[in-house]
Amino acid sequence: MTDKIAIPPHETGAVRVFALPDADTAQRLKNATEMGQAAVLAKALGAEGIDSEFVDVFLRADLAPLSLSAYLAEGLGVAPEALGPERSRLDALDFAIIVLSRAVAGRSKALNPPFNLIATLHEDRTPVRFEPLPDAGTGATPAPSPPAPGSKRAPSALIVGAALIAAAVLVLLLWPRA
């Protein structure tokens, strides 16, 4: 059994993995997450106001041959190197409940689950890059950055093109015939 776990306000990127004791508990909690039953999850995790969208229940039988560590890395974006020390403990679990930071929606919470905390991991996030601002004294404005490779065209061009085609069809249909 895990003691109370304090989640600080506005925590982001944390992934907590708890071991579930048996298949019945795992299936009950999996059904609750799929049906958005936040009250069942709140009771199980010992905290009110849990967002079921950010809680997942892992049953090895449902995802075989995918291991829990592979699911965390590929499905939830946990850095593979962060899994290293915990990989064997995680992969030994048949049933687990995974709680993301977003499950508490930026509020300070204390979880008090009757389950053992196996690991607290963090999502692998690309650091934010800021472009330098133009010097206010030069009056120069920076050139717009080119669109990212593979980005889509603005939908306004498609709308204008479709409107022109529709107008041409209407003109042809309504044009008086001699």
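No hydrogens, no waters, no symmetry mates; every other heavy atom, side chains included, goes into these values.
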Gap between atom CG of Leu164 and atom CD1 of Ile159 - 0.5 Å precision: 12.0 Å
Heavy-atom check, side chain of Ile97 versus side chain of Leu45, under 4.5 Å: yes
Contact check, side chains of Glu123 and Val15, non-hydrogen atoms, under 4.5 Å: yes
Over all atoms of both residues, closest heavy-atom pair of Phe58 and Ser67: CZ-C, 4.1 Å
pair Ile50-Leu111: side-chain heavy atoms closer than 4.5 Å: yes
Listed partners of Leu66 passing side chain to side chain contact (heavy atoms under 4.5 Å, CB included), at least two apart: Leu63, Ala70, Tyr71, Glu74
For the student: nearest non-hydrogen atoms of Arg16 and Ser101, plus distance: NH1-OG, 4.5 Å
Inter-residue atom distance Asp94.CG - Asp22.CG, 0.5 Å rounding: 11.0 Å
Atom pair CG/CD1 of Leu76 and Ile98 - distance to nearest 0.5 Å: 5.5 Å
For the student: nearest non-hydrogen atoms of Ala19 and Phe115, plus distance: O-CB, 3.2 Å
Contact summary for Ala103 and Phe54, nearest pair of heavy atoms: N-CB, 3.5 Å
Leu59 to Gln27 - nearest heavy-atom pair and separation: CD2-OE1, 3.6 Å
Short side-chain to backbone donor-acceptor contact, Arg60 and Leu68, under 3.5 Å: no
Criterion side-chain contact (heavy atoms from CB on, under 4.5 Å) on Val104 and Val99, from CA distance to verdict: CA-CA 9 Å; Val104 298; Val99 182; 5.8 Å; no
Side-chain donor or acceptor of Asp91 paired with backbone N/O of Ser69 under 3.5 Å: yes
Pairs of donor and acceptor atoms involving the side chains of residues 33-44, under 3.5 Å and at least two apart or interchain, shall be tabulated with distances.
from, atom 1, to, atom 2, distance (Å)
Thr33, OG1, Lys30, O, 2.7

Closest approach of Leu121 to Glu86 (non-hydrogen atoms, all atoms of both residues): CD2-CG, 4.5 Å
